[in-house]
Peer 1: 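This is the structure I want to talk about, given as structure tokens.
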Amino acid sequence: MKTTLLASCAFLFILLQSCGSGGSDTYLLNNAEGLKGLQTNLIEEFSGDRAVYGLGLTTKDHLTSEFEMATITYVENGKAYSQSYITGPYGVKIEPTEIKDIVKNESFFKDKKGKIKIKDLDLTVILENYNKAIKMIESTTDEFSNFHMKDFNIDVTNDNKVKVRFVIEGEKPDGKTTYYGERVRNTNAFQFEFKADENNVLKSTEGLEG
């Protein structure tokens, strides 16, 4: 019985290791060094030569910028695919999944002609827009502090330029009602949504309308 248990544990350990290179490193989406390390991690997990038309990054929880999951979308042999990687002590890389439900006809691919290799993605756009968005919030209201990047999405246009969509969270310490942001239920966290076009012109889409 003891031998069987030890063998099972050993098998589980090997299985977890094989799921991804993982590592316990922490990558912050609002920190230059964190973004540099994250790009290295993405290259290791997905291959730097993988050309994508979309990259989505999400964090572990509310009011933290700590990276948890990356999802890439790409076209290969006339089909669209999505693949995700979840960080952690062992890391879990999910096998590519064909995107079928939203691909009803060839019109889906009209806006999916652009692509950028993961190794060529400029993740400094994340920190740049994070800082610009906070300034936009603070110029509108002084009710919030402790800002964090909740999620960040990069979309590649047909001419291989980048557009972004993202969510900033700020904390309202007094918890009182406000005209700004959307409260995360049962917390003092409020969300603000932004987007920037291919010329990196930033615009608030939710939360600052008042």
Side-chain angles (χ1 to χ4, degrees), residues 25-43 52-73 85 87 111-112 114-184 187-210:
D25 291 335
T26 297
Y27 307 113
L28 300 179
L29 299 187
N30 61 352
N31 176 278
E33 286 302 312
L35 291 171
K36 184 178 179 180
L38 175 59
Q39 182 148 32
T40 298
N41 185 251
L42 295 178
I43 290 171
V52 302
Y53 67 78
L55 170 67
L57 304 171
T58 58
T59 57
K60 289 190 172 183
D61 205 347
H62 297 293
L63 294 177
T64 178
S65 296
E66 185 177 347
F67 164 75
E68 180 177 51
M69 183 172 73
T71 299
I72 59 172
T73 46
Y85 166 71
T87 191
D111 296 324
K112 305 294 183 292
K115 57 186 178 181
I116 297 179
K117 292 182 178 181
I118 291 177
K119 66 182 180 182
D120 295 328
L121 283 171
D122 182 8
L123 296 190
T124 62
V125 70
I126 298 176
L127 186 59
E128 180 181 352
N129 279 285
Y130 169 80
N131 289 327
K132 288 165 63 176
I134 290 176
K135 287 182 180 179
M136 192 177 292
I137 295 171
E138 291 180 332
S139 67
T140 305
T141 174
D142 61 359
E143 298 176 79
F144 303 93
S145 59
N146 189 27
F147 294 102
H148 289 278
M149 181 69 77
K150 182 66 183 80
D151 60 55
F152 198 93
N153 295 278
I154 294 175
D155 301 308
V156 181
T157 66
N158 284 347
D159 53 358
N160 297 327
K161 294 184 178 180
V162 165
K163 298 191 295 185
V164 303
R165 299 168 286 117
F166 61 97
V167 176
I168 293 284
E169 285 190 341
E171 186 174 18
K172 193 172 189 299
D174 60 20
K176 294 181 180 179
T177 302
T178 176
Y179 288 108
Y180 301 104
E182 181 177 350
R183 183 193 289 270
V184 178
T187 73
N188 286 335
F190 288 75
Q191 294 187 342
F192 302 84
E193 298 182 18
F194 298 86
K195 67 178 181 180
D197 63 16
E198 55 267 36
N199 296 313
N200 207 24
V201 177
L202 184 65
K203 178 182 178 181
S204 167
T205 57
E206 292 287 343
L208 289 182
E209 294 76 9

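Values in this document were obtained by computation on a predicted structure and should not be read as measured data. Reckoned from all heavy atoms, side chains included, excluding hydrogens, waters and symmetry mates.
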Peer 1: Give a yes-or-no answer on whether the side chains of Thr178 and Glu143 include a donor-acceptor pair shorter than 3.5 Å.
Peer 2: yes
Peer 1: Give, for atom CE of Met69 and atom OH of Tyr85, the distance between the pair rounded to the nearest 0.5 Å.
Peer 2: 12.5 Å
Peer 1: Quick check: does any side chain N or O of Gln39 sit under 3.5 Å from a backbone N or O of Ile118, one acting as donor and the other as acceptor?
Peer 2: yes
Peer 1: Out of curiosity, Thr157 OG1 to Lys163 NZ, how far, rounded to the nearest 0.5 Å?
Peer 2: 7.0 Å
Peer 1: Decide yes or no for Leu63 and Thr187: does some side-chain heavy atom of the first lie under 4.5 Å from some side-chain heavy atom of the second?
Peer 2: no
Peer 1: Any luck finding a side-chain donor-acceptor pair between Thr64 and Glu66 under 3.5 Å?
Peer 2: no
Peer 1: Are the side chains of His148 and Ile168 in contact, using a 4.5 Å heavy-atom criterion?
Peer 2: no
Peer 1: Test side-chain contact (heavy atoms from CB on, under 4.5 Å) on Phe194 and Ile137; report intermediate values, then the result.
Peer 2: CA-CA 11 Å; Phe194 298 86; Ile137 295 171; 3.9 Å; yes
Peer 1: Does the side chain of Met136 reach to within under 4.5 Å of the side chain of Leu208, using non-hydrogen atoms?
Peer 2: yes
Peer 1: Please report the interatomic distance CG(Leu202) to CD(Glu128), rounded to the nearest 0.5 Å.
Peer 2: 9.5 Å
Peer 1: Please check if atom CD in Glu198 has more than 12 non-hydrogen atoms from other residues, nucleotides or ligands closer than 6.0 Å.
Peer 2: yes
Peer 1: For the residue pair Leu38 and Leu57, establish whether any side-chain heavy-atom pair is separated by less than 4.5 Å.
Peer 2: yes
Peer 1: Would you say the side-chain atoms of Ser65 pair up with the backbone N or O of Met149, donor to acceptor, closer than 3.5 Å?
Peer 2: yes
Peer 1: What's the spacing between Asn188 CG and Glu171 CD if we round to 0.5 Å?
Peer 2: 6.0 Å
Peer 1: Which atom pair, heavy atoms only, marks the closest approach of Ile72 to Val52?
Peer 2: CB-CG1, 3.9 Å
Peer 1: Give a yes or no on whether the backbone of Asp151 and the side-chain of Thr58 come within a donor-acceptor separation of less than 3.5 Å.
Peer 2: no
Peer 1: If you define the side chain from C-beta out and look only at heavy atoms, does anything of Ile154 sit under 4.5 Å from Leu123?
Peer 2: yes
Peer 1: Looking at Lys115, I'd like to know if its NZ atom is crowded, meaning that more than 12 non-hydrogen atoms belonging to other residues, nucleotides or ligands lie closer than 6.0 Å.
Peer 2: no
Peer 1: Rounded to the nearest 0.5 Å, what separation is found between the OH atom of Tyr27 and the CG atom of Asn41?
Peer 2: 4.0 Å
Peer 1: Checking side-chain contact (heavy atoms from CB on, under 4.5 Å) for the pair Glu138/Phe147: CA distance, chi angles, key distance, verdict?
Peer 2: CA-CA 11 Å; Glu138 291 180 332; Phe147 294 102; 3.6 Å; yes
Peer 1: Looking only at heavy atoms, which two atoms of Lys176 and Arg183 are closest? And how far apart?
Peer 2: O-NH2, 3.7 Å
Peer 1: Show your working on side-chain contact (heavy atoms from CB on, under 4.5 Å) between Gln191 and Lys150 and close with a plain yes or no.
Peer 2: CA-CA 8 Å; Gln191 294 187 342; Lys150 182 66 183 80; 4.2 Å; yes
Peer 1: Is there a side-chain contact between Asp197 and Lys203 (heavy atoms, below 4.5 Å)?
Peer 2: no
Peer 1: Before you tell me yes or no, could you show the steps for Phe192 and Phe144 under ring pair (Phe, Tyr, Trp, His ring centres under 6.0 Å), namely the whole-Å CA-CA distance, both residues' side-chain angles and the distance that decides it to 0.1 Å?
Peer 2: CA-CA 11 Å; Phe192 302 84; Phe144 303 93; 5.1 Å; yes
Peer 1: So, Asn129 side chain and Val125 main chain: donor-acceptor pair closer than 3.5 Å or not?
Peer 2: yes
Peer 1: Around atom NZ of Lys161, are there more than 12 heavy atoms from other residues, nucleotides or ligands closer than 6.0 Å?
Peer 2: no
Peer 1: Answer yes when Lys172 and Asp174 have at least one side-chain N-carboxylate O distance shorter than 4.0 Å, and no when they do not.
Peer 2: yes
Peer 1: Is the shortest side-chain heavy-atom distance between Leu55 and Leu42 below 4.5 Å?
Peer 2: yes
Peer 1: Looking at Leu35 and Ile126, what are the two nearest heavy atoms and their distance?
Peer 2: CD2-CD1, 3.8 Å
Peer 1: Does the pair Lys132 and Asn200 meet the rule for a side-chain contact (heavy atoms from CB on, under 4.5 Å), with working shown?
Peer 2: CA-CA 11 Å; Lys132 288 165 63 176; Asn200 207 24; 3.9 Å; yes
Peer 1: As an exercise, state the distance from CG of Asn30 to CZ of Phe152, rounded to the nearest 0.5 Å.
Peer 2: 12.0 Å
Peer 1: Please examine the side chains of Phe166 and Tyr130, heavy atoms only from C-beta on, and report whether any two atoms are closer than 4.5 Å.
Peer 2: no
